[in-house]
Enquirer: 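Below is a structure I'd like to ask you about.
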Amino acid sequence: MNIGIVGLGLIGGSMGLDLKALGHQVLGVSRRESTCKRAIELGVVDRAFVDFSLLSAADLVVVCTPIGAIAPTVQQLIPHLSSDAILTDVGSVKGAIIEQVSLLWPNFVGGHPMAGKAESGIEVAEFGLFANRPYVITPTKNTPPTAVLMVEEMARSLNANVFRCDPEEHDRAVAWISHLPAMASASLVAACMRETNWDVLKLAQNLASSGFRDTSRVGGGNPELGLMMAKYNRGELLRSLLSYRDCLDEFIGRIENEDWDGLFEDLQDTNHARPLFVKD
Ligand code: NAP
């Protein structure tokens, strides 16, 4: 199959590495010529160019630009696509993107591979990044079933675990487990930086170890991605953040009131709940 990838960064580059290894002809388009050149050097794509005309032969195109650039990218891409080409994206927010893009190209299927790392760009693209990770497909009642099946098959070929849900359910769920953690983790780092005693701040920075590494990782990641999550999933993110603030207030209340039994119960509950979300 001829597969086009637009936006050769961490996600687009990693997808290219996997799809090329599976024997597909991978055609890449990126904003900067230097990125296209590097993508060829790293073996991420067979061919790469800054012009969308390269994608006229593509059967499937995966748009991997930052969230805010997905709809404008599709608009520029459309004149170059063959009429039966299937389009998908990898944006971390689905509702706002699907609303705009499905009006532009009916053969569009929203997607979100839930794998990543703190760094961004083509240099950190990684073979096998999506293996054993969730890959969410978010069709609407108007999405052509054949297009859904093709995107699901592509996701499965990356050894990802495929889930299907509504765009709205997706945005609400990822607010809890991805967008809220990014903001909570960023707030944690920001709060630590408010330490006014310089010696104590330096000492804390020297003592920070695995616990701080785990809890600060997503807050110290790509700022552009965090901003896009907040901008494009504002309603659901605010809902989860307000609920998080209530929980923080409850914990503060327990500690202020020296309600150690209550605090112990809360911590026991979270100790039991965590494995429902992740297994170590
Ligand atoms: P990235 O490493 O920064 O790559 C983004 C790519 O898009 C770059 O190749 C860049 O091209 C291009 N680009 C940047 N701004 C652009 C613009 N205004 N117009 C057109 N192209 C532009 O980002 P990423 O982490 O791969 O994220 C890409 C998408 O994946 C986002 O929609 C994000 O929501 C989604 N996603 C990210 C993660 C994650 O953890 N990182 C996980 C799942 C999904 P040049 O280098 O040529 O400038």
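As the structure lists them, so they are numbered: ligands from 1, and atoms in each ligand from 1. Computed from a prediction, not measured in an experiment: that's the story for all the values here.
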Enquirer: Record the part of Thr35 in heavy-atom contact with ligand 1 below 4.0 Å; permitted values are side chain, backbone, both and neither.
Expert: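 Answer for Thr35: side chain.
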Enquirer: Side chain, backbone, both or neither: which part of Pro72 has a heavy atom under 4.0 Å from ligand 1?
Expert: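 It is neither part, as no heavy atom is under 4.0 Å.
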Enquirer: Counting only heavy atoms, which portion of Ser120 has something under 4.0 Å from ligand 1: side chain, backbone, both, or neither?
Expert: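 Answer for Ser120: both.
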Enquirer: Is there at least one pair of N or O atoms, one from Thr73 and one from ligand 1, spaced under 3.5 Å apart?
Expert: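 For ligand 1, there is no N or O atom that lies under 3.5 Å from one belonging to Thr73.
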Enquirer: Among Glu119, Met15, Arg31, Glu224, which one has a heavy atom closest to atom 15 (N) of ligand 1?
Expert: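 That would be Arg31.
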Enquirer: For residues Ser185 and Gly219, report the shortest heavy-atom separation together with the two atoms involved.
Expert: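 That closest heavy-atom pairing would be OG-N, 2.7 Å.
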Enquirer: Between Arg239 and Glu236, does any side-chain N to carboxylate O distance fall below 4.0 Å?
Expert: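 Judged by the 4.0 Å cut-off on N to carboxylate O distance, Arg239 and Glu236 do form a salt bridge.
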Enquirer: Evaluate the side-chain proximity of Val6 to Ser30: yes if any heavy-atom separation is below 4.5 Å, no if none is.
Expert: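 With C-beta onward as the side chain, the pair stays apart.
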Enquirer: Nearest 0.5 angstrom please: Tyr244 OH to Ser240 OG, how far?
Expert: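 Rounded to the nearest 0.5 Å, the OH-OG separation comes out at 10.5 Å.
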Enquirer: Please report the interatomic distance CG(Leu104) to CG(Leu77), rounded to the nearest 0.5 Å.
Expert: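 Spacing of CG (Leu104) from CG (Leu77) equals 10.0 Å.
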Enquirer: Where's the contact between Asp89 and ligand 1, heavy-atom distance under 4.0 Å: side chain, backbone, both or neither?
Expert: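 It is neither; nothing of Asp89 touches ligand 1.
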Enquirer: Can you sort out which atoms of ligand 1 are near Ser30, meaning under 4.0 Å from one of its heavy atoms?
Expert: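 Numbered from 1, ligand 1 contributes 9 (O), 11 (O), 45 (P), 47 (O).
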